[in-house]
Amino acid sequence: MRRKIVAGNWKMNKTFSEAQELMNQLSTYQKKHTSGCEVYIAPPSLYLTAAMDIFTQHEVRVFSQEVSLHTEGAFTGEISVDMLSSIRATGTLIGHSERRQYHGETDANCNKKVKLALDKGLIPIYCNGETLEQRKSGQHFNVIKDQTEVALFSLTPDEIKKVVIAYEPVWAIGTGETASPEQAQEIHAYIRGLIAEKYGQEVADEVSILYGGSVKPDNAKEIFSKPDVDGGLIGGASLKIDDFTAIIKAFD
Ligand code: PEP
């Protein structure tokens, strides 16, 4: 069974007291409602342990926004998979387009990070997606194919079932421009097809594929209603309790 998921990526936003307030609001909401999806947040790493202290009933699962390629040592500023599992975080984002754009993230590195995360029992949310130029020049299917193959196709069938994929067209992230539900479905079905070709349909049917890129309360339901869309990775709209809970409600 594919998990339905709404995940919030807070990026580099909020002071500590603002973050605590939003986490407490989200905890209260989740305890009062039976949501039709799992709810995850990826706050700034500085606030991960505070998040673990707030979401004690696992009403919201806590993810890191990034993880190191290295397991320990002289890597100033980095966070390891061991550190994440030692605070009982659920998982980590890997390969977000902002990490690719500003920090030179590559699919080969993502592959190593996905394996490191899985080895520690963490759920990797592997992000991929094409740029505007790549879409305009009709390369988007090839880009997605390369990204998916390099980052994920050395995994075993049991491993890939544990990965969550987030398709995030770069041109739709933080721009207010959203892929249409049909465009999202087209790529999600394509990714699932690639997994089916490599691992078989049964495995492909177990992989959750999220859409990310300007999901808002007014478009979430339609996007999530598409057969291969299992939820969303939400940036801007995860920073306001009313918007984020309205998106969660799209699964009610
Ligand atoms: C993201 O950063 O993963 C994202 C989807 O951002 P936004 O929702 O703001 O486009």
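Whatever order the structure lists ligands and atoms in, that order sets their numbers, starting from 1. Note that these values count all heavy atoms, side chains included, but never hydrogens, waters or copies made by symmetry.
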Quiz item: For Arg192, which of Asp228, Ile165, Ile187 qualifies under side-chain contact (heavy atoms from CB on, under 4.5 Å)?
Solution: Asp228
List, one per line, each side-chain donor-acceptor pair under 3.5 Å for residues 204-215, sequence neighbours excluded.
unit_1 : atom_1 : unit_2 : atom_2 : d
Asp205 : OD1    : Gln201 : NE2    : 3.0
Ser208 : OG     : Arg3   : N      : 3.0
Ser208 : OG     : Arg3   : O      : 2.8
Tyr211 : OH     : Ala179 : N      : 3.0
Tyr211 : OH     : Gly213 : O      : 2.9
Ser214 : OG     : Ala172 : O      : 2.8
Ser214 : OG     : Gly176 : N      : 3.0

Quiz item: Only one of Ile123, Ile94, Leu152 forms a side-chain contact (heavy atoms from CB on, under 4.5 Å) with Val163, so which one is it?
Solution: Leu152
Practice problem: Please name the residue in the list Asn111, Asp107, Thr92 that meets the side-chain hydrogen bond (donor to acceptor under 3.5 Å, both in side chains) test with Tyr126. | Solution: Asp107
Exercise. May I ask you to check whether Ser35 and Gln30 show a side-chain donor-acceptor distance below 3.5 Å?
Key: yes
Quiz prompt | Ion pair Glu98/Lys11, N-O distance below 4.0 Å | solution = yes
Quiz item: Using a threshold of 4.0 angstrom between heavy atoms of the protein and any atom of ligand 1, which residues qualify?
Solution: Asn9, Lys11, His96, Glu168, Ala172, Ile173, Gly174, Gly212, Gly213, Ser214, Leu233, Ile234, Gly235, Gly236
